[in-house]
Amino acid sequence: MCSGAAFANPVVTDWSYNVNTVFDTATVQYTVNGGCQTTTGTALTWGGCGGTTPVNTGDVATSRSGLTITSSPAIGTVQTNGAAVATNTFTHYNNPISSSLATLKSATVQSTLTLNSLAPMTSVNYQATLPFFVNFVETLNTEGTCVAVSPAPCNDIFVIAGLLNNSFVLDNNTYYVSLFESAQSLTALPSAVCNAANADAGCMGFTTVEGQANAFSFNLLITSKPVALNDVPEPSSLALLGLGLVAVVGTRRRVKKSA
């Protein structure tokens, strides 16, 4: 995938890693409508009152949607220019809720990466806490208005914009860290879908099915050269998140509460 670069000192080939990802609760914002919201470091939920977890009750007035982080911290070993390894999972519980209920508007996610060298030396360490930003916009969920291909009106849309690589230098060697979605869910979106999220044509992202829990698992990749879109190894089609400032714009389809 990536050929090794020339290094002044021996390159670290083997690392232990820890990726700990949480929501920055101080930054979470919801729209100004009604309902009840729950904010923790690992879960954001919104919708009808009477509970704190995502649930589809079959009634848009009482259902709750949510975004959660699981498998955090993720711990294991990874090789420079080697295979990608599993990290954290984000799950979007895309439940139909009434347009009279507040929804998530924005949040900052803090991802802390810790790397400790294992070979050929054991004295090289790296740690950084790097934020990315999540923004949601909810629109009506009406038959005939879906801009994304949807099995039921209408898939929610996430548009991802940002760098694939976060670079760092240790012992005069430059390394690049990328996290990417592991199931090929991240693709180039049609222009109409990008436009619905107020993003430029050619934007990258994915859609989530209404009424389902949509899980997105992320893999960690360390390379000695920057990763291009076509370099990301199977089974992923491209990198989702560089551990750097990443803007995420989400567009969710909403269900109008019937009169």
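If you're wondering where the values come from, they're calculated on a predicted model, not measured in any experiment.
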Any donor and acceptor pair, going by atom type alone, linking the side chain of [X] with main-chain N or O of [Y] inside 3.5 Å?
X: R64; Y: G48; value: yes
X: D14; Y: T77; value: no
X: D171; Y: N9; value: no
X: S178; Y: L221; value: no

Side-chain heavy atoms of [X] within contact of [Y], under 4.5 Å:
X: T114; Y: Q127; value: yes
X: S72; Y: T42; value: no
X: S65; Y: T103; value: no
X: L170; Y: V12; value: no

Heavy atoms only: give me the nearest [X]-[Y] pair and the separation to one decimal.
X: T45; Y: P54; answer: CG2-CD, 3.6 Å
X: N219; Y: A84; answer: CB-CB, 3.9 Å
X: Y30; Y: T38; answer: OH-O, 3.2 Å
X: G58; Y: S63; answer: N-OG, 3.8 Å
X: P153; Y: E143; answer: CG-OE1, 2.9 Å
X: C194; Y: D200; answer: CB-O, 3.4 Å

Spell out, yes or no, whether [X] and [Y] are grouped together once hydrophobic residues are joined by side-chain heavy atoms under 4.5 Å, including indirect joins.
X: I69; Y: F206; value: yes
X: Y17; Y: L118; value: no
X: V22; Y: L220; value: no
X: V11; Y: V85; value: yes
X: W15; Y: M121; value: yes

Quick one: [atom1] on [X] to [atom2] on [Y], what's the gap to the nearest 0.5 Å?
X: L44; Y: F23; atom1: CG; atom2: CZ; result: 4.0 Å
X: Y175; Y: N166; atom1: OH; atom2: CG; result: 14.5 Å
X: N155; Y: T207; atom1: CG; atom2: OG1; result: 4.0 Å
X: N56; Y: Y93; atom1: CG; atom2: OH; result: 13.0 Å
X: T80; Y: N173; atom1: OG1; atom2: CG; result: 9.5 Å
X: T129; Y: D24; atom1: OG1; atom2: CG; result: 11.0 Å

Original post:
Should N33 and S100 be marked as a side-chain hydrogen bond (donor to acceptor under 3.5 Å, both in side chains) after you check the CA-CA gap, both sets of side-chain angles, and the distance that decides it?
Top reply: CA-CA 6 Å; N33 293 3; S100 66; over 6 Å; no
**OP:** Please check if any side-chain donor atom of Q79 sits under 3.5 Å from a side-chain acceptor atom of T13, or the reverse.
**Re:**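 The answer is no; no qualifying pair exists.
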**OP:** Run through T122, L115, N116, N125 and flag the one making a side-chain contact (heavy atoms from CB on, under 4.5 Å) with S16.
**Re:**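 With S16 as partner, T122, L115, N116, N125 yield a single side-chain contact (heavy atoms from CB on, under 4.5 Å), made by N116.
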Original post:
In this structure, which one of V109, T39, T108 forms a side-chain contact (heavy atoms from CB on, under 4.5 Å) with T27?
Top reply: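 Output: one option passes, namely T108.
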Subject >> Where at least one partner belongs to residues 35-73, residue pairs that pass disulfide (SG to SG under 2.5 Å), sequence neighbours excluded >> reply: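 Sorted result for residues 35-73: C36-C49.
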Original post:
In terms of ring plane angle, is the pair H92 and W46 parallel, tilted or perpendicular, where the classes change at 30° and 60°?
Top reply: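 Because their plane-to-plane angle is under 30°, the rings of H92 and W46 count as parallel.
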**OP:** Report the residues that fulfil side chain to side chain donor-acceptor pair (under 3.5 Å) with T68, sequence neighbours left out, ordered by chain and then residue number.
**Re:**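 If we apply the side chain to side chain donor-acceptor pair (under 3.5 Å) test to T68, skipping adjacent residues, there are no hits.
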**OP:** Would you check, one step at a time, whether the test side chain to side chain contact (heavy atoms under 4.5 Å, CB included) holds for V209 with N94?
**Re:** CA-CA 7 Å; V209 178; N94 184 359; 5.6 Å; no
Original post:
What's the verdict on side-chain hydrogen bond (donor to acceptor under 3.5 Å, both in side chains) for N88 and T21, showing C-alpha distance, side-chain angles and the deciding distance?
Top reply: CA-CA 7 Å; N88 316 130; T21 301; 2.6 Å; yes
**OP:** Take T89 and S217 through the side-chain hydrogen bond (donor to acceptor under 3.5 Å, both in side chains) test and state the conclusion after the steps.
**Re:** CA-CA 4 Å; T89 298; S217 297; 3.1 Å; yes
Subject >> V124 vs Y126, side chain to side chain contact (heavy atoms under 4.5 Å, CB included): CA-CA, chis, key distance, verdict >> reply: CA-CA 7 Å; V124 180; Y126 172 75; over 6 Å; no
